[in-house]
Amino acid sequence: MDSNLYIYNTLSRTKEKFEPLHPPLVGLYVCGPTVYSDVHLGNCRTFVMFDLIYRYLLHLGYKVRYVRNITDAGHLEGDMDEGDDKFAKKARLEQLEPMEIVQKYTLGFHDVMRLFNALPPGIEPTATGHIIEQIEMVKQILKNGYAYEVNGTVYFDVEKYCKEFNYTILTNRQLDDLLENTRELGGQNEKRGRLDFALWIKAKPEHIMQWPSPWGNGFPGWHIECSAMSSKYLGNSFDIHGGGMDLAATHHTNEIAQSQACNHVQPAKYWMHTNMLTVNGTRMSKSKGNGFLPHELFTGSHELLSRGYSPMSVRFFMLQAHYRSTLDFSNEALEASDKGFKRLINAYALLDKLNPSPKSNIDLKGLTERCYAAMNDDFNSPVLIAELFEAVHIINSVYDGKTEATATDIEALKKLMDDFVIGVLGLKEESNQSDDMGKLLDFIINLRSEAKVNKDYATSDKIRIGLNSIGIQLKDNKEGTTWNKI
RNA sequence: GGUCGGGUGGCCGAGUGGCUAGGCAGAGGUCUGCAAAACCUUUUACAGCGGUUCGAACCCGCUCCUGACCUCCA
């Protein structure tokens, strides 16, 4: 299959035409969360953006195998290649078992992703579920001569690797600079080179998260899980590997090295990196403590927010910026997105109420082509949204009787909005109204209409203002009265 | 210090060597019992200084400011 999709590849730092290794199959691997704490909004942005990418690939007709891991072991606290991992530390803090921590935050993560209307990945493997695969990979890397064992811990030999491969291929850094600027770190005395990183880590006896291995009891290093799981489910070479930009310099660099050292191939053809969400121009991160939790956002219980914003408004806010740009988070920006989203989704709801004309004076073909052109240009969702507002304008105009559209064009408009607003952008109407609520509102609107006919405006205003105060907005027009949630 | 990005109107954010981004906010109007919505019209831009060019916000140089990564983080 042929498409005109271009993807910015971090490896080449250019947009490249997307040509899957085995069309129509596409293998997509995205580094998922480390589930030792609540995901914050910055984490969510990455997963929402890859949801957009996943959805568009599906829309183009590719058969996508989407793998996103859950890191539930092996992620070390601080920069030491020894000691406790994050789960053990958090477990002590919360007085839980490490696996209780994992379960708690995995469930929380899934809840949030569901609220954001993100499609679940096809496979969501965990590090603890793939210890054997990771041990096998470490064994192979040792066998190939790119690792060494010291006292129960196995290190990757970066210096040896550098002689044959380009270690800094993703970030283009100079190796000498890296060596000069890497600090003296813990575990240094065991490591031969200061850039070497742990593939397998010896566990302290009291450490509950440990498994037997040829090198004694221990647990896997952080980077090996993604290499092991991506090759298990997608093969040694697959199409797209993604993650946040912050992972490129270390995690992804080491992933490439591990896969090359083990399988002698580049793991991914295209590397995609999403940019950071910022607050007042500074990156939102766990360690900085400036992270917004999704529920603070939805309820408005955060000092920087004047009110709560719905998950769909927040998703729309994220989609209005390109995935490779930083996006600055503020109450004002969110407020603007909230209104923009409602304008878009209200127009979508109007599609069923359009009256066809014998003639048409709109150009849907050009508009549709521009929508595809936007997405084909490295998933440019902000431009897509700008085009979709053109469709919003047409829909409103037809509804007002100021523009004419044939039944065929109305169908095409409906398909366009279904494809892109619902399918690709993954937005949906948030009204949680049941049929009962719809019927109830129809009844109330009828009562109000009767009052209006009788010029009993006191009653009709009372109804309108009362509904408004509980979040339901009435809109009077020639055809009658429509309503939507505020 | 090294690597790589940014600086666009009141806000958020696209884009580009010549043609309106878009949303929000502001102003005026139409419609309407009022309101809201919608529709029409409209005001604010491309950090600074040089250079290349018929033409630059877009290319080049310098300056200033700023961010990310280089250490756990999507």
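The sequence lines fix the lettering, A, B, ..., with proteins before strands; numbering per chain opens at 1. Everything quoted here is computed from the prediction, not taken from an experiment. Excluded from the calculations below are hydrogen atoms, water molecules and symmetry mates; all remaining heavy atoms, backbone and side chain alike, are included.
If you check every strand for non-hydrogen atoms under 4.0 Å, A/Gly291 touches nothing. Contacts of A/Ser460 with the nucleic acid, taken as non-hydrogen atoms under 4.0 Å apart, include base atoms. Heavy atoms of A/Ser325 sit under 4.0 angstrom from primed sugar atoms or phosphate atoms, though from no base atom. Counting any heavy atom pair closer than 4.0 Å across all strands shown, A/Leu327 reaches sugar-phosphate atoms only and no base atom. Within the 4.0 angstrom heavy-atom criterion, base atoms lie near A/Met284. Among the atoms of the strands shown, none is found under 4.0 Å from any heavy atom of A/Glu335. Using a 4.0 Å heavy-atom cutoff across all strands shown, A/Leu344 reaches no nucleic acid atom at all. At the heavy-atom level, A/Asn380 lies under 4.0 Å from the strands shown only through sugar-phosphate atoms. At the heavy-atom level, A/Ala333 lies under 4.0 Å from the strands shown only through sugar-phosphate atoms. Using a 4.0 Å heavy-atom distance criterion, A/Met276 is classed as a base contact.
For the pair A/Thr171 and B/rC4, the criterion of a side-chain N or O lying under 4.0 Å from OP1 or OP2 is not met. Look at A/Arg343 and you'll find a side-chain N or O under 4.0 angstrom from OP1 or OP2 of B/rC39. Between A/Arg324 and B/rG6, a side-chain N or O to OP1/OP2 separation shorter than 4.0 Å is absent. Phosphate contact (OP1/OP2 of B/rA68, side-chain N/O of A/His273, threshold under 4.0 Å): absent. Close to B/rC39, at under 4.0 Å from its OP1 or OP2, lies a side-chain N or O of A/Asn396.
Under the 30°/60° scheme for interplanar angles, the aromatic rings of A/Tyr372 and A/Tyr56 are found to be tilted. Note: A/Tyr167 and A/Tyr161 have perpendicular aromatic rings, judged against thresholds of 30 and 60 degrees for the angle between ring planes. Between A/Phe389 and A/Phe316, the two ring planes are perpendicular [angle over 60°; tilted spans 30° to 60°].
For A/Val383, taking side-chain heavy atoms from C-beta onward, the closest of the listed nucleotides B/rG23, B/rA14, B/rA74 is B/rA14. Closest contact between the side chain of A/Ala321 and the listed nucleotides B/rC39, B/rG13, B/rA68 involves B/rG13.
The base of B/rC34 lies close enough to the side chain of A/Arg464 for a donor and an acceptor atom to sit less than 3.5 Å apart. A donor-acceptor contact under 3.5 Å links the side chain of A/Asp476 to the base of B/rC34. You'll find a donor-acceptor pair under 3.5 Å spanning the side chain of A/Asp461 and the base of B/rG33, going by distance alone.
Atom CD of A/Glu255 sits about 4.5 Å away from atom SG of A/Cys226, to the nearest 0.5 Å.
Comparing A/Gly42 and A/Ile394 by the nucleotide of RNA chain B that holds the closest heavy atom to each, the one mapping nearer the 5' end is A/Ile394.
Residues A/His130 and A/Tyr233 place their aromatic rings such that the two centres sit under 6.0 Å apart.
The ring of A/Phe389 does not lie on top of the base of B/rG23; it is either too far (5.5 Å or more) or too tilted (30° or more).
Rounded to whole angstrom, the span from the CG atom of A/Asp51 across to the P atom of B/rA74 amounts to 18 Å. Counting to the nearest Å, the C1' atom of B/rG23 and the CG atom of A/Asn346 are 14 Å from each other. As rounded to whole Å, 10 Å separates atom P of B/rA74 from atom NE2 of A/His252. Remark: P of B/rG33 and NZ of A/Lys475 are 19 Å apart, rounded to the nearest angstrom. A straight line from CE of A/Met318 to P of B/rA74 spans 14 Å, rounded to a whole angstrom. Following rounding to the nearest Å, A/His393 (NE2) and B/rU41 (C1') show an atom-to-atom distance of 12 Å.
With A/Arg448 as the fixed residue, the salt bridge (Lys or Arg N to Asp or Glu O under 4.0 Å) test singles out one of A/Asp442, A/Asp461, A/Asp476: A/Asp476.
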